[in-house]
Amino acid sequence: MNKEPEERTSARALAKTPVFVGALVGILAAAVQGLLASAGGPEAYGFCVACHTRDLVNSAVNALAGTSLTVAPISKNAVLPFLTIVGVLIGALAAARVNGEFRVKKGSLTSYAWYAAGGVLFMVFALLMGGCPYRVALRVGYIDIVAVIGLAGIVAGIIAGTKIAVACVERGE
Amino acid sequence: MTMALAGWLSREAAVIAVPVISLAFGCLVGYLAQRSGFCSIGGFRDFFLFRHTRLLKGYAALVIGAFAAFLVFWLATPAAFEHFPWALTSGLSPVPGAPAGLEAAAYIVLAVIGGIGVGIIGVLLGGCPLRQLTMTSEGNLKALFFVIGMAIGSVIFSALVQGWVVSVMKGIAW
């Protein structure tokens, strides 16, 4: 089907507009809970990068190594856990390829070590608070007071991190 | 224990639909996140550094869109959104997800500690975990190592840290 050029352009413009993307993802994440809730809890769990990574990784480790690492009930009850993360990687790869924005960017070995360590720490902190900034957003929308406090913590951390980054840049100059 | 949630699909269908729907939804989010450069932490960072609100509006829209949809869906099918609005049905204890079985005060402490850690690391390493995933798909190998780190962190947290945190938090007289 060939769409009108204008229509395609506006759909492309919308996809590049964070406010549209945010609203759509929020609405669809709520719909995902509506669709899948019979498989189990928790609530406000339709989209989360940290928790869905944990469900996928821990399910795989449990299956391979016979361990019993934490997996959310809904991912445990289902035939396979949430595959959100696999989807995000595929969707973003498709978007980057289609629009000619895929380009291998290498870093130094030291930078790889920092990023890997950062990923480990990020995950630990995120799971302490029961989710990454995305699930926190869903939980705030679900009127969870602790999530509002967690979001305030995230904002405080961002302010601190920004000050650290600015101080490092100024010292380097 | 609470009653089991009842969603729009039957349990038999839902247990099969979990990987299918989440994979499809993930593809859509990944596509849109790559096109828009969506980043939750980046939104606050750009606001504090440059007073840019483009990404921050996206995160605000996520919260508002989710709230509006939860409200409408809850009115239509309350059994799938049993505890909405959470504060009115469940008080100060959070939606499950953090280590289970703690006092409400412990969850507040964990939310603050976790939040600050997430914010600092996210800013210093160039973005929230969704941004790290999209950068990985754009060919950024540093972001790939962040994602690998997250996978390792998941096992470390569940095998070790979670147990320590629970025993420390249970040892405190709140």
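Just so it is clear, the structure is predicted and the values come from calculations on it, not from any experiment. Just so we're on the same page: letters track the sequence lines, and every chain starts at 1.
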| field | Pair Asn99(A)-Arg35(B), side-chain contact (heavy atoms from CB on, under 4.5 Å): steps then yes or no | value | CA-CA 9 Å; Asn99(A) 294 282; Arg35(B) 296 316 299 143; 3.3 Å; yes
| request: Before giving the answer on salt bridge (charged side-chain N to carboxylate O under 4.0 Å, His left out), spell out for Arg97(A) and Glu138(B) the whole-Å C-alpha distance, their side-chain angles and the decisive distance to 0.1 Å. | output: CA-CA 8 Å; Arg97(A) 283 284 190 196; Glu138(B) 290 169 351; over 6 Å; no
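For the atom pair CG (Leu62(B)) and CD1 (Ile27(A)), the distance works out to 10.0 Å, reported to the nearest 0.5 Å. Between the CD1 atom of Ile143(A) and the CH2 atom of Trp86(B) there is a distance of 12.5 Å, given to the nearest 0.5 Å. Atoms CG and CE, from Leu110(B) and Met129(A) in turn, are 9.5 Å apart once rounded to the nearest 0.5 Å. To the nearest 0.5 Å, atom CG of residue Leu36(A) and atom CG of residue Leu5(B) are 11.0 Å apart. Atoms OG1 and CD1, from Thr136(B) and Ile85(A) in turn, are 11.0 Å apart once rounded to the nearest 0.5 Å. Rounding to the nearest 0.5 Å places CE of Met123(A) at 4.5 Å from OG of Ser154(B).
Classified by interplanar angle (parallel below 30°, tilted 30° to 60°, perpendicular above 60°), the ring pair Tyr134(A)/Tyr59(B) is perpendicular. The aromatic rings of Phe145(B) and Tyr112(A) sit parallel, their planes meeting at an angle under 30°, below the 60° perpendicular limit.
In terms of heavy-atom proximity, Tyr107(B) sits nearest to Val146(A) at O-CG1, 3.7 Å. Taking both residues in full, the closest heavy atoms of Val95(B) and Tyr142(A) are given as CG2-CD2, 4.4 Å, listed atom of the first, atom of the second, then distance.
Between the side chain of Ser137(B) and the main chain of Leu89(A), a donor-acceptor pair closer than 3.5 Å is present. Although no hydrogens or angles enter the test, the distance criterion places no donor-acceptor pair under 3.5 Å between the side chain of Gln34(B) and the main chain of Leu93(A). Between the side chain of Asp144(A) and the main chain of Pro94(B), no donor-acceptor pair closer than 3.5 Å is present. Side-chain N or O atoms of Ser38(A) include one that pairs as donor or acceptor with a backbone N or O of Gly7(B) at under 3.5 Å. No donor-acceptor pair under 3.5 Å is formed between the side chain of Thr84(A) and the backbone N or O of Gly26(B).
Surrounding CG of Leu75(B) are more than 12 heavy atoms belonging to other residues, nucleotides or ligands, all under 6.0 Å away.
If you measure heavy-atom distances from Val63(B) to chain A, the contacts under 4.5 Å come from both the backbone and the side chain. Looking at Ser90(B), neither its backbone nor its side chain comes within 4.5 Å of chain A, counting heavy atoms on both sides. The part of Ile156(B) that comes within reach of chain A is its side chain, from C-beta onward, which places non-hydrogen atoms under 4.5 angstrom from that chain. There is no contact between Leu88(B) and chain A, counting heavy-atom distances below 4.5 Å. Phe70(B) touches chain A through backbone and side chain together, each having a heavy atom under 4.5 Å away. Interface residue Gln132(B): only side-chain heavy atoms are found under 4.5 Å from chain A. Using a 4.5 Å cut-off between heavy atoms, Ala17(B) contacts chain A through both its backbone and its side chain. Of the two parts of Phe44(B), the backbone and the side chain both hold a non-hydrogen atom closer than 4.5 Å to a non-hydrogen atom of chain A. In this structure, the portion of Ile21(B) lying under 4.5 Å from any heavy atom of chain A is its side chain and not its backbone.
Looking at Val166(A) and Leu49(B), their side chains come closer than 4.5 Å, going by heavy atoms from C-beta outward.
Sorted by first and then second residue, the ring pair (Phe, Tyr, Trp, His ring centres under 6.0 Å) pairs with a member in residues 59-84 of chain A read Tyr45(A)-Phe82(A), His52(A)-Phe82(A); sequence neighbours excluded.
Residues meeting the side-chain hydrogen bond (donor to acceptor under 3.5 Å, both in side chains) test with Tyr115(A), sequence neighbours left out: none.
Top candidate by heavy-atom pairs under 4.5 Å with chain B, chosen from Leu24(A), Val61(A), Ile74(A), Val25(A), is Val25(A).
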